[in-house]
Amino acid sequence: MSGLRTVGDKLRARVQLAIGAAARLGDEVHGAPGLRVFEAADRNGGAAMIVSVHQAPPVGPTPAALSERLTRLGALEHPALELPLSCGAVDGMAWTLETASALPTARDRVVRSPLPLSEGVAAVRDLGRAIVAMHRAGLTHGAIGLDTVQWNPDGVKLGGAALSMGVSVRDDLDALAQLAWTLFSGQMRTPGSPRLSAIRRRVPPRLDDLCVAMFAADPAARPQSAEEILDVLDVIPTRRTSEFPAMLDAGFFDSRPRRQAPWLMVGIAVAALAAILFITRT
């Protein structure tokens, strides 16, 4: 046991040297498989942070490969992607430094209370747009799930980008399908009969059919891209805390038109009414 403790202490000291003046290392905590995870704190503001150290290659990624992946993801500048602050190497192993989010995860949100269907649709739609951007750039995520999705009123954030070097597009789509089913239905398990209308009322027929398609026994019968999923979700009405971002969101990231005309008409009407009131008062 003392030998293991010595190895751990040596790693801790080397990780502290690696992150340098950026953060102060804290206790080791339970992490995802294949990772050593340490609590940390920003030396300037004291904000909570997390340092994750992968296993050495070939089990874990090379530091160069992880750095290239995060650079390519950062170049997407997608608002739904949450990326580490920095990364580097320690004893040939890759490490990342990220802010410890105070936001609840999708798991926290689902466990707390059932989601309104429109809220689940909006969340999956935002995640789908991020995945579209990644796939079009030749990248996959590999860690899409309830624990890597952060929840806030303005839109979800997809983290966990450093947990995997990516998988196949099919794997990402199947993971998104499982996440979507949980958000839509409140059920954690893969459905035996994925007919959403059997457990929820007022399910739009196209959404009902999408759930069936996402869990088809034959992978060839499932949606073959995130765009196919978005084509369905984009025509399903949802409510947002802030409507202005909904007019503009992700049209810059997946290149498909958004239904902006109704909101533009409302804006024009409000502006016209304000002008009339101004004239009558003067």
Side-chain angles (χ1 to χ4, degrees), residues 69-83 101 103 105-106 109-110 115-164 166-184 204 206-207 209-211 213-214 222-263:
R69 171 178 167 78
L70 295 179
T71 297
R72 292 178 64 192
L73 286 170
L76 298 178
E77 296 185 346
H78 199 288
L81 288 176
E82 190 75 18
L83 301 179
S101 175
L103 295 173
T105 64
R109 181 65 183 86
V110 172
L115 285 175
L117 189 57
S118 60
E119 188 176 352
V121 168
V124 176
R125 191 173 59 191
D126 290 346
L127 294 171
R129 289 173 181 158
I131 295 165
V132 165
M134 291 182 63
H135 289 180
R136 288 186 173 179
L139 296 161
T140 55
H141 191 279
I144 300 167
L146 291 171
D147 297 313
T148 56
V149 174
Q150 300 168 5
W151 205 273
N152 68 56
D154 296 325
V156 295
K157 294 277 190 179
L158 178 59
L163 294 178
S164 168
V167 290
S168 69
V169 169
R170 178 75 270 154
D171 289 333
D172 269 357
L173 295 178
D174 289 344
L176 179 63
Q178 181 60 64
L179 176 66
W181 176 259
T182 300
L183 296 181
F184 296 159
R206 292 193 65 182
L207 181 61
D209 293 339
L210 173 64
C211 289
M214 287 193 300
R222 303 171 197 165
Q224 299 301 300
S225 68
E227 288 96 332
E228 291 184 39
I229 297 173
L230 286 175
D231 284 339
V232 176
L233 300 183
D234 271 347
V235 298
I236 298 174
T238 57
R239 296 179 181 177
R240 290 179 180 270
T241 303
S242 173
E243 293 295 348
F244 184 72
M247 294 171 57
L248 305 176
D249 60 354
F252 302 107
F253 303 104
D254 66 15
S255 302
R256 294 174 311 109
R258 297 286 175 264
R259 298 190 301 167
Q260 300 177 9
W263 289 108

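This chain uses plain numbering: 1 for the first residue, then up along the sequence. As the structure is a computational prediction, the values presented were derived from the model and not from experiment.
A donor-acceptor pair is defined here as one N or O able to donate and one able to accept, closer than 3.5 Å; such a pair exists between the side chain of Arg72 and the backbone of Ala137. Remark: side-chain polar atoms of Arg109 are not paired, donor with acceptor, to backbone N or O of Leu146 under 3.5 angstrom.
Separating the CG atom in Leu127 from the CG atom in Leu81 is a distance of 9.5 Å, to the nearest 0.5 Å. Atom-to-atom distance recorded for His141:NE2 and Leu163:CG is 7.5 Å, nearest 0.5 angstrom. Rounding to the nearest 0.5 angstrom, the gap separating the CG atom in Leu73 from the CD atom in Glu82 is 12.5 Å. With rounding to the nearest 0.5 angstrom, the CG atom of Leu230 is 9.5 Å from the CG atom of Asp126.
Side chains of Leu158 and His78 form no contact here, defined as non-hydrogen atoms less than 4.5 Å apart. Ile144 places a side-chain heavy atom less than 4.5 Å from the side chain of Ile131. The closest side-chain heavy-atom distance from Val232 to Asp209 is not below 4.5 Å. Counting heavy atoms from C-beta on, the side chains of Met134 and Thr140 never come closer than 4.5 Å. Considering only heavy atoms from C-beta on, Val124 stays 4.5 Å or farther from Leu179 through its side chain. Taking 4.5 Å as the limit, every side-chain heavy atom of Thr148 sits out of range of all side-chain heavy atoms of Thr105. Proximity of Leu183 to Val149: side-chain heavy atoms (C-beta onward) are nowhere separated by under 4.5 Å. Between Trp151 and Leu103, the closest side-chain pair of non-hydrogen atoms is not below 4.5 Å.
Residue Leu83 comes nearest to Ala161 through the heavy atom pair CD2-CB, 3.7 Å, listed as atom of the first residue, atom of the second, then distance. Closest approach of Gly160 to Ala143, counting heavy atoms only: O-CB, 3.8 Å. Between Arg170 and Gln224, the shortest heavy-atom distance links the atoms NH1-NE2, 3.4 Å. Looking at every heavy atom in both residues, Pro223 comes nearest to Leu210 through CG-CD1, 4.1 Å. Residues Gly128 and Ala226 approach most closely at O-CB, 3.9 Å, considering heavy atoms. The two atoms that bring Gly155 and Asn152 nearest to each other are O-OD1, 2.9 Å, heavy atoms only.
Salt-bridge annotation for Asp231 and Arg206: absent, with no side-chain N of the basic residue lying under 4.0 Å from a carboxylate O of the acidic one.
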For the pair Ile229 and Met214, evaluate side chain to side chain contact (heavy atoms under 4.5 Å, CB included) and give the outcome as yes or no after the intermediate values.
CA-CA 9 Å; Ile229 297 173; Met214 287 193 300; 4.2 Å; yes
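For the side chain to side chain contact (heavy atoms under 4.5 Å, CB included) criterion with Val132, the lone passing option out of His135, Arg136, Arg129 is Arg136.
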